[in-house]
Amino acid sequence: MVTTLNWFEIPATDFERAKAFYATVLDAELYDDPNRHYAYLPSDPEKGGFGGAIGFGENFVPATTGITIYLDGGNDLSIPLGRVERAGGTVILPKTAIGGNGFIALFIDSEGNKVGFHSMG
């Protein structure tokens, strides 16, 4: 096993709204799956990254409880975190130091999911 995590899905109740939210917050282009309501978030497997997507459908139910996924906050998570409220989300934990492991922040996305950012700066 190379890494514990290998894929994640963020549920959406409004697919287009969720795509717009994450495109804005991540300042990135998302790629639609032509066969289903699925939008892939940016990833670079060659640099050790893994992928994830926004999913819409019967089995995709947003939640603020349960597992928390932490997205890469880049060099300074303050930058994507600063886009959260403008994109329709709510910051629930501002940038917070976690010792030698960098910083985290938490937010509620446009769909009602609790999601985090992590960065070393």
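Being a predicted model, the structure only gives us computed values, none of them experimental.
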(message) So Val115 and Leu71, do their side chains get closer than 4.5 Å, heavy atoms only?
(response) yes
(request) Report whether Trp7 and Tyr70 are members of the same hydrophobic cluster (ILVMFWY, side-chain heavy atoms less than 4.5 Å apart, transitive linking). (result) no
(request) Verify, without hydrogens or angle tests, whether Asn113 (side chain) and Pro11 (backbone) share a donor-acceptor contact under 3.5 angstrom. (result) yes
(message) I'd like to check Pro42 versus Leu26 (side-chain heavy atoms, cut-off strictly below 4.5 Å). Are they in contact?
(response) yes
(request) Identify the heavy atoms of Met120 and Gly100 that sit nearest to each other, and give their distance. (result) CE-O, 3.5 Å
(request) Taking the side chain as every heavy atom from C-beta outward, state whether Lys19 and Asp32 have any atom pair closer than 4.5 Å. (result) yes
(request) Could you check if a side-chain atom of Pro80 sits within less than 4.5 angstrom of a side-chain atom of Asp27, using non-hydrogen atoms only? (result) no
(request) Please examine the side chains of Glu85 and Val91, heavy atoms only from C-beta on, and report whether any two atoms are closer than 4.5 Å. (result) yes
(request) Flag the pair Lys114 and Asp109 as a salt bridge only when some basic side-chain nitrogen lies within less than 4.0 angstrom of an acidic carboxylate oxygen. (result) no
(request) Return yes when atom CD1 of Ile98 has more than 12 non-hydrogen atoms of other residues, nucleotides or ligands closer than 6.0 Å, and no otherwise. (result) yes
(message) I'd like to know if the side chain of Glu9 and the backbone of Ile54 have a donor-acceptor N/O pair within less than 3.5 Å.
(response) no
(message) Before you tell me yes or no, could you show the steps for Phe56 and His37 under ring pair (Phe, Tyr, Trp, His ring centres under 6.0 Å), namely the whole-Å CA-CA distance, both residues' side-chain angles and the distance that decides it to 0.1 Å?
(response) CA-CA 5 Å; Phe56 172 79; His37 285 99; 5.1 Å; yes
(message) Using 0.5 Å steps for rounding, measure from the NZ atom of Lys95 to the CG atom of Leu81.
(response) 9.5 Å
(request) Would you kindly confirm whether Val25 and Leu30 end up in one hydrophobic cluster when ILVMFWY residues are joined by side chain heavy atoms under 4.5 Å apart? (result) yes
(message) Using a 3.5 Å distance criterion without hydrogens, assess whether the side chain of Ser119 forms a donor-acceptor pair with backbone atoms of Leu77.
(response) yes
(request) Work out which heavy atom in Thr64 is nearest to a heavy atom in Gly112; give both atom names and the distance. (result) CG2-O, 3.2 Å
(message) With a 4.5 Å cut-off on side-chain heavy atoms, are Val84 and Phe21 touching?
(response) yes
(request) Could you tell me whether the side chain of Asp33 reaches within less than 4.5 Å of the side chain of Tyr40, counting heavy atoms only? (result) yes
(message) Aromatic contact between Tyr38 and Phe15, with the criterion being ring centroids under 6.0 Å apart: yes or no?
(response) no
(message) Determine whether a donor-acceptor pair (N or O, by modelled atom type, separation under 3.5 Å) exists between the side chain of Glu29 and the backbone of Ala23.
(response) no
(request) Without swapping roles, check the side chain of His118 against the backbone of Gly74 for a donor-acceptor pair under 3.5 Å. (result) no
(message) Applying a strict under-4.5 Å side-chain criterion to I, L, V, M, F, W and Y, I'd like to know whether Tyr22 and Phe8 cluster together.
(response) yes
(request) With rounding to the nearest 0.5 Å, note down the distance linking CD1 in Ile104 to OG1 in Thr68. (result) 9.0 Å
(message) In the structure I gave you, are the side-chain heavy atoms of Ile69 and Ile10 within less than 4.5 Å of one another anywhere?
(response) no
(request) Decide yes or no on ring pair (Phe, Tyr, Trp, His ring centres under 6.0 Å) for Phe117 and Phe107, but give the supporting numbers first. (result) CA-CA 8 Å; Phe117 280 124; Phe107 61 92; 5.1 Å; yes
